Amino acid sequence: MTEKIASDRILMKLDRVTKNYVMGEVTVEALRETVLEIRDGELLVILGPSGSGKSTLLNIMGGMDLPSSGRAYYRGEDLSRAGDRQLTRFRRNEVGFVFQFFNLIPDLTARENVELAANLVDSPLPVEQVLKEVGLADRMDHFPSQLSGGEQQRVAIARAIVKNPRLLLCDEPTGNLDYQTGKLILSLLAAVNRERGRTVVIVTHNTAIGAMAGRIVRMRSGRIVEITENPNPVSPERIEW
Amino acid sequence: MNALTRKLARTIRSTKGQFLAVVAVVTLGIAVYISMGTAYLNLHQSQEAFYRENNFADYYFHVVRAPQQVVRQIEALPGVANATGRIQTDVPLLKADNQRATARLVSCPMPMETEVNRLHLLTGRLFDRYPQGGGVEVLIDPQYAAANSLGPGDTLNVVVGGQRVPLTVVGTATSPEFIYPIKDSATLMPEPETFGIIMLPHHQAQQLLNLSGQINQVVLQLAPGADGEQVAAAVKEILEPYGNLSSYPRDQQLSHAVMQAELDGLRASAIILPIVFLGIAAGIQFILLGRIVKAQRLQIGIMKALGYNNRQIMLHYTGYALAVAVVGAVLGSLLGLLVASGLSQLYAQFINLPETLSGVNLTAIAYGFLLSLGVGTLAGLIASRGVVGINPAESMRPEPPKSGRKALLERWSWLWARLNLTWRLGLRTISRNRTRFALTLVGVVFAVGMLVVAFSTNDSVGYMLQRHFYQDQDYDYLVHFTTPVHEREIASITRLDGVLRAEPLLQVPVRIQFAGRSEDEVLVGLPPDATMRTLVTKTGRTLPVPEAGMILNERTAAKLEVQVGDRVTVETLLEMGPSRYEDFTVIGINQQLVGSGAFVSLEQANRALQERNLVSGVMLQVDPGLAPAVEASLNDMTGVAAIMSRQKELDNITKVLDLMIYSVSIMIGFAVVLGFAIVYNTAVVSFSERRRELASLRVVGFTSGEVSGLLLKETVLQSAVGVVLGLPFGYLLARGIIAAQAQSTDLYTLPVVISLQTYLFAALGGILFILVAHRFAARGVARLDLVEVLKNRD
């Protein structure tokens with residue numbers, strides 16, 4: 001009973017998760033005994049320098065990768081023992097991803113890129129409405145190569161949220177964008193969290209971005225070194241870096 | 001090994017599937033070139049050498065009979081280098097089981113050394129002019145000897161002037177005119193069980209045939225630079241008093257014509273097939289190397305930053321194509337030599353060329369290597385030209401998204417709107433890579449076209465046999481008499497138990513003249529209600545045997561330029577009595593696959609001979625159960641020269657068809673390898689350049705199966721058009737091949753017959769190699785490492 005209540009509040013739980021990569025003849029410990037709980041509806045920012053393990057953590061949270069040891073529970077379901085089929089279903093129904101390099105399909109227009117994701121789930125959000133929300137009402141029929149970086153990232157966000165996932169995972173979403181555009185993207189992510197009540201996790205090496213989060217996780221050398229509650233998140237428009 | 005070579009070796013290792021697929025196509029191309037080229041060169045050279053050493057005749061003249069001395073007169077003509085007078089005639093041959101065969105007796109003036117068409121002894125010894133203990137010694141052709149298990153010391157029995165004459169076999173021999181021993185142009189292929197060539201001393205033949213001091217044939221060699229037609233005209237003038245029967249140049253000599261057609265076919269295949277294979281291999285390498293250069297953009301940038309110039313880097317990538325060329329040439333040469341020896345053995349079964357045809361032809365191999373390397377270098381340089389455009393600084397930044405563009409199909413918005421998103425994606429990807437699409441298309445079209453041609457062989461042969469043996473001539477036996485007889489004499493045959501139906505015919509050798517042109521033909525007189533010999537037009541309409549007028553076969557009509565309605569003159573060429581002339585109006589032109597003929601009513605044929613009620617043979621339909629008995633009775637009859645049995649002819653052909661299955665299977669194998677190689681390479685390239693894109697689909701929630709399905713749709717879109725176009729292309733290809741054969745021989749007409757089933761099998765074959773290629777290419781989808789592929793490039 002307690003567990004049920006807890007899982008209502010806790011969306012994801014990482015229990016002593018370790019990830020080792022074998023790179024040729026050396027083994028790299030990307031994550032060491034990491035423990036973290038993600039709360040439903042929160043905006044979490046994970047900060048850390050490159051190589052700190054933050055992307056690895058995000059990949060495990062998103063069902064893209066399996067831990068070497070430890071457990072990852074999503075709403076009580078153990079993902080760390082899941083097979084490819086189960087992980088695919090998890091990514092399809094529960095997770096939206098946003099990458100640093102957008103990863104759009106070059107041969108599909110903005111609208112079609114979003115439609116492609118919408119077709120995967122039973123009750124997606126209306127494609128055009130989502131595109132309007134991210135500010136692409138007039139660019140829907142453009143191909144990625146005809147869009148600016150910021151516009152491409154907005155398509156990527158639209159593609160992620162159209163499936164109406166509980167969890168939105170963003171890996172350096174502003175890493176390949178200029179300052180102004182970056183801030184616009186962050187505002188969009190904050191709006192998704194605030195207005196749609198979706199859980200948003202942003203991984204970045206840019207410490208300034210932490211200010212917009214409800215909680216900030218700091219990582220170094222594969223470990224979480226600090227978790228800070230931020231009772232007064234700042235709107236992304238006001239963040240400077 | 002320097003660093004660049006090591007890098008090349010590793011690139012090859014990491015793309016080994018594709019490397020091997022291209023190598024396979026090059027191997028096939030080179031193998032075809034080496035095997036057919038070797039067979040061609042060997043056959044051609046041994047044929048030339050054999051012709052030269054054994055004084056093969058340039059011209060043939062047949063007369064009724066002429067005194068031996070005319071040969072001197074002919075030899076004295078300007079332009080004649082060498083002339084031989086001899087006797088050649090066909091006589092019935094009685095085999096051990098009392099069956100009949102046809103023997104072609106050829107006399108050989110002795111000593112032979114300087115004579116035209118000199119014999120070449122293969123086994124045994126030369127005949128004695130006057131054997132101890134009397135009798136006649138003969139040499140026979142090796143095919144007849146083998147088919148009838150005859151060896152030195154065995155006796156042959158021929159029928160001459162109603163008498164059975166024993167001949168003693170002392171060995172086997174061949175000569176340039178009997179390399180391909182077939183009886184006449186109406187015969188489809190050699191029938192060694194029922195047709196043999198018997199060579200004997202000239203004076204023995206004269207005695208045997210009651211032609212003392214006489215000859216009936218003059219064969220001659222022209223002096224270098226002499227005008228054949230002029231010489232022929234002069235010779236004919238000399239022979240005029242002796243009954244000119246026919247004359248023809250070497251081109252029309254049957255054995256030579258068949259050999260020449262075979263050689264021309266070999267040479268054409270040895271050129272065209274390798275061009276197709278190497279061309280497609282070059283196309284695949286163009287796609288593959290283009291992709292490798294793109295994928296290694298960063299490495300190329302670094303090499304340039306280090307100071308390597310464009311030429312060095314392009315040569316490095318051309319090295320890949322050269323590696324393909326070398327490996328393909330080596331494997332192709334080995335395979336080619338293997339096939340060449342098989343091919344030579346195959347030919348050896350049919351032709352009598354004394355010098356064996358095997359032998360490694362270094363020239364062909366050298367050309368094979370040059371060809372392979374040349375094509376490889378060209379493909380490599382063209383494909384790696386993209387190196388020039390790479391700027392070192394730019395290459396280190398991530399590539400901008402490939403420019404998406406609208407597909408042509410999007411213009412038809414009603415159709416486009418109905419298409420599922422994944423189909424649209426496939427169509428757009430194809431429109432972005434039009435060159436790749438075009439090259440894949442060409443490859444698949446060729447592969448499917450080859451499948452159509454291979455499968456259609458069965459259709460054509462089946463149609464040909466059905467038409468020739470059951471439609472054009474629907475008789476179980478055709479009996480030829482030694483001399484024409486009165487119609488009522490065939491009653492003895494018609495009355496035989498088991499004969500269901502009999503129809504007589506009268507065949508007369510004639511010369512047809514029209515507008516200054518003339519052609520030798522056989523005038524065939526048939527009863528007006530004949531059912532066992534059917535004449536049909538090109539369009540398939542049946543022509544009844546005319547009461548008045550003549551139906552001429554298409555080939556002869558074309559040579560004489562005769563049209564329906566023209567009036568032709570027919571001159572009889574009988575060995576007895578004077579020539580007679582009769583005019584006929586051509587009232588129809590018929591098409592037959594094999595042989596020739598000019599068809600009239602029995603009555604008209606008799607009129608041409610100024611005779612009545614004569615027949616020279618009879619066609620029989622018999623009760624299958626009683627066929628052996630009928631045949632035995634026929635064999636016992638005197639006056640029967642030859643008995644043609646449909647069953648025996650079919651059995652003989654079936655043996656040859658087994659060999660055909662072998663070559664058809666090889667062709668199917670080649671086509672499948674070709675199709676697989678191109679589809680597999682395109683699919684792998686498409687997959688590898690879109691790993692990121694496909695991985696991101698996996699992240700969005702596509703299953704491996706769905707991603708693989710997406711690739712399949714694209715592969716199907718790429719190749720389905722190829723399969724569809726490949727079917728009509730196959731038809732054109734088959735027609736082209738047959739047209740090329742028709743040009744080199746006028747002995748037979750091969751029909752282009754392609755059944756629905758053949759198209760179906762070819763299409764299924766195409767679908768099969770596409771699916772298998774896709775399966776191999778899409779193996780990578782399941783192994784796609786999402787984290788690795790999508791790792792941020794920071």
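Each chain gets a letter, A, B and so on, in the order its sequence line appears, and its residues count up from 1. These numbers come from a predicted model, not from an experiment.
Heavy-atom distances place no part of Phe102(A) under 4.5 Å from chain B, backbone and side chain included. At a 4.5 Å heavy-atom cutoff, Asn93(A) makes no contact with chain B through either its backbone or its side chain. Only the side chain of Leu697(B) comes within less than 4.5 Å of a heavy atom of chain A; its backbone N, CA, C and O stay farther away. Proximity to chain A (any heavy atom under 4.5 Å) is shown, for Arg690(B), by neither the backbone nor the side chain. Heavy atoms of Leu116(A) lying under 4.5 Å from chain B belong to its backbone as well as its side chain.
The 12-atom threshold is exceeded at OH of Tyr21(A), counting heavy atoms of other residues, nucleotides or ligands nearer than 6.0 Å. Within 6.0 Å of atom CG in Asp122(A), 12 or fewer heavy atoms from other residues, nucleotides or ligands are found, so the atom counts as exposed in its surroundings. Applying the 6.0 Å contact sphere to CZ of Arg81(A) captures more than 12 heavy atoms from other residues, nucleotides or ligands. Crowding of Arg220(A) atom CZ: a count of heavy atoms from other residues, nucleotides or ligands under 6.0 Å not exceeding 12.
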The test is side chain to side chain contact (heavy atoms under 4.5 Å, CB included); show your working for Arg89(A) and Thr703(B) and say whether it passes. CA-CA 8 Å; Arg89(A) 200 180 58 222; Thr703(B) 61; over 6 Å; no

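Annotation: salt bridge (Lys or Arg N to Asp or Glu O under 4.0 Å) contacts of Asp15(A) (sequence neighbours excluded): none. Asp141(A) meets the salt bridge (Lys or Arg N to Asp or Glu O under 4.0 Å) test with Arg111(A); sequence neighbours excluded. Taking the salt bridge (Lys or Arg N to Asp or Glu O under 4.0 Å) definition, one finds that Arg691(B) meets it with nothing, sequence neighbours left out.
For the atom pair Arg698(B) CZ and Met64(A) CE, the distance stands at 10.5 Å (nearest 0.5 Å). Here the straight-line distance linking atom CZ of Arg428(B) with atom CZ of Phe143(A) works out to 3.5 Å at 0.5 Å rounding. From Leu108(A), atom CG reaches atom CG of Leu425(B) across 4.5 Å, with rounding to the nearest 0.5 Å. In this structure, Ser696(B) OG and Ile105(A) CD1 are separated by 4.0 Å, a value rounded to the nearest 0.5 Å.
Side-chain contact between Leu120(A) and Phe702(B) is present, with heavy atoms from C-beta onward closer than 4.5 Å. Side-chain contact between Glu693(B) and Asn103(A): absent, with no pair of heavy atoms (C-beta onward) separated by less than 4.5 Å.
Scanning residues 149-170 of chain A against chain B with a 4.5 Å heavy-atom cutoff picks out Gln152(A), Arg159(A), Lys163(A), ordered by number.
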